[in-house]
Amino acid sequence: MAVLGSGTGSNFQALYEEFGAGIVLVISDRPGAGILEKAKRAGIPTIVEKGGPDLCARILGHLEGIDLVCLAGFMRLVKEPLLSAFPRRILNIHPSLLPKYPGLGAWVQAIEDGAGESGCTVHYVDAGMDTGELILQARVPVLRDDTPETLHARIQVEEHRIYPLAVKACLAAIKDGE
Ligand code: GAR
């Protein structure tokens, strides 16, 4: 599988701990992203593809032989031709109980909304923003004294638990010829 990310790469790390050499490539749109450092430390090839109108075509050009694409903090919309090349083969992790709080800063949205709980979702990626079919969710409470940072940290513990589980389920479905 290939992992795409723009950030610190803690979800990449969780996937790497579960799947090891099953991850053969990490791509980031941000040259200094922590995910690249973590991948290099793990001995996984990395590629940087900065944004631009043909970003998804450039990314697709690197994905020959890849079965599954995992977005792990990849902060760009996935578009054609990448979408059609990987039908039900692109997963994303999002830090809310979708369909609630799509888009940026989902944990800030939860706090500002006065939510009593939030969580995270693994879902298939479609052309919308955080709109694809849900695969797995985990709930976490929002505490009265939560800051965006403390809530995000609590959500991330669950992200790191459920993302590998969801990927396992998808790989099993692919093997079964779904
Ligand atoms: C994660 O919390 C992930 O859910 C979120 O970015 C963070 C990346 O952290 N993704 C989104 O908000 C996508 N809409 P990481 O780089 O440590 O894995």
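Order of listing sets the numbers, starting from 1, for every ligand and every atom in it.
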Quiz prompt | contact_flag Ile35 ligand 1 heavy-atom lt 4.0 Å | solution = no

Quiz item: Quick one: does Gly9 get a heavy atom under 4.0 Å from ligand 1?
Solution: yes

Practice problem: Report the part of Asp130 (side chain from C-beta onward, or backbone N, CA, C, O) that has a heavy atom under 4.0 Å from ligand 1; answer both or neither where that applies. | Solution: side chain

Exercise. Please check if any side-chain donor atom of His62 sits under 3.5 Å from a side-chain acceptor atom of Glu49, or the reverse.
Key: yes

Return yes if some donor-acceptor pair links the side-chain N/O of [X] with the main-chain N/O of [Y] below 3.5 Å, else return no.
X	Y	answer
Ser6	Arg30	no
His94	Tyr101	yes
Asp130	Gly103	yes
Glu80	Ser84	yes

Exercise. Hey, could you give me the CG/OG distance between Leu151 and Ser118, rounded to the nearest 0.5 Å?
Key: 6.0 Å

Quiz item: Rounded to the nearest 0.5 Å, what separation is found between the CH2 atom of Trp107 and the SG atom of Cys120?
Solution: 12.0 Å

Quiz item: Are any of the N or O atoms of His152 closer than 3.5 Å to those of ligand 1?
Solution: yes

Self-check item: Min N/O separation Trp107 to ligand 1 under 3.5 Å
Solution: no

Self-check item: Contacting atoms of ligand 1, where contact means under 4.0 angstrom from a heavy atom of Gly7
Solution: 16 (O)

Exercise. Check ligand 1 against Ile93 and write out every atom of the ligand that is under 4.0 Å from a heavy-atom position of the residue.
Key: 3 (C), 4 (O), 10 (N)

Any idea which protein heavy atom is nearest [atom], and the distance to it?
atom	answer
atom 9 (O) of ligand 1	Gln156 NE2, 3.2 Å
atom 14 (N) of ligand 1	His94 ND1, 3.1 Å
atom 8 (C) of ligand 1	Gly73 CA, 3.6 Å
atom 1 (C) of ligand 1	Glu159 OE1, 3.3 Å
atom 11 (C) of ligand 1	Pro95 CD, 3.6 Å

Quiz prompt | Nearest candidate to atom 15 (P) of ligand 1, where distance is taken over non-hydrogen atoms, out of Gly105, Ser10, Ala14, Cys120 | solution = Ser10

Quiz item: Under 6.0 Å from the NZ atom of Lys168, do we count more than 12 heavy atoms belonging to anything else shown?
Solution: no

Quiz item: Are any non-hydrogen side-chain atoms of Asn92 and Val122 less than 4.5 angstrom apart?
Solution: no

